[in-house]
2 protein chains.
Amino acid sequence: MTTAADLAGLAALLADETRAGICLALLDGRSWTAGELAAHTGVAPSTATAHLHRLVAGGLLVERRQGRHRYVQLADASVAQLLEDLATRTEPGPARTGSLRAVTASAALRRGRTCYDHLAGRLGVAVTDAMSGRGLLERGSGFALTPAGLAWLADLVGWDPAQPRPGRRPLARGCLDWTERREHLGGLAGAKLCETFLDNRWVVRIGSGRAVRLTTAGHAALRDHLGITVTCSPPR
Amino acid sequence: MTTAADLAGLAALLADETRAGICLALLDGRSWTAGELAAHTGVAPSTATAHLHRLVAGGLLVERRQGRHRYVQLADASVAQLLEDLATRTEPGPARTGSLRAVTASAALRRGRTCYDHLAGRLGVAVTDAMSGRGLLERGSGFALTPAGLAWLADLVGWDPAQPRPGRRPLARGCLDWTERREHLGGLAGAKLCETFLDNRWVVRIGSGRAVRLTTAGHAALRDHLGITVTCSPPR
DNA sequence: ACGACAGTTCGGTGCTCATCGAAGGGTTCC
DNA sequence: GGAACCCTTCGATGAGCACCGAACTGTCGT
């Protein structure tokens with residue numbers, strides 16, 4: 001039996017624009033740091049801290065301390081589902097009732113999508129797996145590239161690894177996928193890889209959303225460069 | 001594209017205990033009057049008015065003016081779905097991810113359930129339909145009983161129609177079902193009928209919730225008294 | 001060891017909003 | 001027509017809370 005107070009308490013977590021912005025940002029499945037979320041929502045770090053406390057206490061987010069950073073992400077896939085249901089209601093237009101269209105769109109998202117600026121979904125995980133044998137090391141939490149792996153990647157994406165990198169973005173980082181429940185390659189390497197995939201039209205965006213589709217050229221490229229075959233049609 | 005402000009605005013509608021209580025009350029599919037909701041949530045009528053304005057403006061509720069009454073109900077089935085999803089999250093325990101259990105429970109609810117104090121779901125609609133040929137008239141919005149229908153009902157539920165009724169509850173009223181999207185019999189007549197069904201064990205409650213199941217005796221009673229057959233196993 | 005950095009705690013400020021009572025407008029019943 | 005009733009509008013009140021800056025703790029790089 002759910003009381004009105006319980007329901008109101010849950011809704012109150014999302015009833016603030018800043019907290020809503022945090023949750024929408026986390027909807028991409030990545031882990032964000034408290035500072036990134038503060039900057040993204042335009043509030044002071046102290047304010048972001050308070051919001052994250054409430055969201056974690058409310059069970060919507062989980063946190064992972066790492067050194068002086070505090071990473072947060074959505075607690076589980078059901079939270080992401082709930083957020084997307086709510087977000088759907090705020091959009092005008094027809095086809096609001098859990099339509100076939102929404103289901104297939106969701107299935108497309110599961111197959112492959114961009115996650116912030118790198119590849120996610122089954123496609124992202126498959127690419128990450130394939131790279132594991134080519135110089136990508138799973139290092140506790142996150143990833144690292146061997147020199148050979150870096151050279152291989154640099155050759156693929158056409159980019160000089162010796163050249164100094166602006167900013168301090170980590171080269172390779174892990175990103176937990178909320179549909180696959182698996183880590184996949186993010187960071188600068190993941191972004192460059194995704195850029196290359198899009199530039200070469202190995203994947204193309206479906207509509208204006210985050211979902212992507214593997215092209216015929218993409219199939220060939222994956223086979224040639226990584227020796228894998230990713231099914232493009234829904235399994236089962 | 002959903003903005004954080006949109007999401008927060010939607011969540012804010014449910015972030016108040018009184019408004020949450022209103023929505024949970026409406027989850028039974030009935031239309032409630034503003035006064036009933038004020039009494040149910042324990043606030044002044046003026047306060048309830050303000051809340052209903054916000055909920056209607058936000059698209060969660062629809063209203064229907066009838067004389068000096070203002071009836072409100074959930075805008076559509078997707079709102080009910082959303083509320084139940086949120087309510088599920090507030091309950092602790094496992095099996096939170098849209099499990100088979102939740103789906104079958106939902107299917108049982110669609111087949112038959114009590115709606116406040118009368119029968120709803122396919123069962124409720126079927127009974128209402130069958131009574132249409134036996135003295136139940138659809139009167140614009142709502143229902144009315146002919147003298148013959150009243151006598152027939154009084155005989156079935158063992159109740160003297162001549163005896164003065166306490167309170168002012170309408171004898172027969174319509175109640176829109178959010179799974180069937182059809183009107184069914186509510187009001188005092190619907191309550192008495194439901195009481196008789198439960199007392200005679202024509203229907204029994206499934207677990208502790210609102211879902212009910214038609215018994216073998218119930219099948220026979222429906223055939224004898226109303227000449228209808230309601231399937232108890234899931235169709236299709 | 002030192003500075004730079006990420007995050008936290010704390011006190012103060014201001015705004016939003018839920019609430020009520022009183023007064024007013026419609027509707028129904030007698 | 002008048003009384004009872006349902007609902008609404010309008011101020012006033014008070015509590016909750018989102019926000020910031022400043023001071024503080026802990027971590028990383030040099």
Side-chain angles (χ1 to χ4, degrees), chain A residues 4-5 7-23 31-58 61 63-73 140-142 164-165 167-170 173, chain B residues 4-5 7-23 31-58 61 63-73 139-142 164-165 167-171 173:
Chain A
L7 177 56
L10 175 59
L13 291 177
L14 300 172
D16 173 76
E17 185 169 344
T18 301
R19 281 195 297 271
I22 288 174
C23 290
S31 281
W32 292 52
T33 67
E36 285 171 341
L37 289 169
H40 180 259
T41 55
V43 296
S46 58
T47 304
T49 293
H51 286 312
L52 293 182
H53 272 159
R54 286 193 60 175
L55 290 169
V56 169
L61 267 47
E63 66 181 22
R64 180 166 42 107
R65 313 301 263 245
Q66 213 171 95
R68 54 184 171 183
H69 295 277
R70 177 202 209 180
Y71 289 97
V72 291
Q73 62 180 263
S141 57
R165 304 197 308 271
R168 297 180 161 268
R169 185 168 189 198
R173 72 187 293 182
Chain B
L7 177 56
L10 174 59
L13 292 177
L14 300 172
D16 174 75
E17 186 169 341
T18 301
R19 281 195 298 271
I22 288 174
C23 290
S31 281
W32 292 54
T33 67
E36 285 170 340
L37 289 170
H40 180 261
T41 54
V43 296
S46 57
T47 305
T49 292
H51 286 311
L52 293 181
H53 271 159
R54 285 194 61 176
L55 289 169
V56 169
L61 267 46
E63 66 180 23
R64 180 166 43 105
R65 316 296 265 239
Q66 214 171 97
R68 54 185 170 181
H69 295 277
R70 177 205 208 178
Y71 290 96
V72 291
Q73 63 181 254
R139 187 193 53 183
S141 56
R165 302 198 308 271
R168 298 183 161 269
R169 185 169 188 198
L171 185 61
R173 71 190 291 182

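Throughout, protein chains are lettered first and strands after them, A, B, ... in sequence-line order, and every chain is numbered starting at 1.
With sequence neighbours left out, the side-chain contact (heavy atoms from CB on, under 4.5 Å) criterion links A/Thr47 to A/Val43, A/Ala44, A/His51. Scored by the side-chain contact (heavy atoms from CB on, under 4.5 Å) test, A/Arg68 finds no partners at all (sequence neighbours excluded). Every residue meeting the side-chain contact (heavy atoms from CB on, under 4.5 Å) condition with A/Ala5, not counting sequence neighbours, appears here in chain and number order: A/Thr3, B/Glu17. Looking at residues two or more places apart in sequence or on another chain, you find no side-chain contact (heavy atoms from CB on, under 4.5 Å) involving A/Ala50. Among residues two or more places apart in sequence or in another chain, the ring-ring contact (aromatic ring centres under 6.0 Å, His included) test is passed with A/His53 by none.
Distance check, rounded to the nearest 0.5 Å: CD of A/Gln66 to OG of A/Ser31 gives 9.0 Å.
Across the protein-nucleic acid pair, B/Ile22 atom CD1 and C/dT19 atom C1' stand 13 Å apart, rounded to whole Å. Taking atom CG of A/Leu14 as the reference point, atom C1' of D/dA18 lies 16 Å away to the nearest angstrom. Put simply, NE2 on B/His51 is 9 Å from C1' on C/dC17, counting in whole angstrom units. Between B/Glu17 atom CD and C/dT19 atom C1' the separation is 13 Å, expressed in whole Å.
Over its full length, the helix from C/dA1-D/dT30 to C/dC30-D/dG1 turns its helical axis through 40°, comparing axes from the five pairs at each end and rounding to 10°.
For the pair B/Glu63/B/Leu52, no side-chain contact is recorded, criterion being any heavy-atom separation below 4.5 Å from C-beta on.
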Evaluate side-chain contact (heavy atoms from CB on, under 4.5 Å) for B/Gln73 paired with B/Tyr71, printing each intermediate quantity in order. CA-CA 7 Å; B/Gln73 63 181 254; B/Tyr71 290 96; over 6 Å; no
List the protein contact pattern of nucleotides 7-17 of chain D with one symbol per nucleotide (5' to 3'): B for base contact, S for sugar-phosphate-only contact, - for none; contact means a heavy-atom distance under 4.0 Å. SBB--------
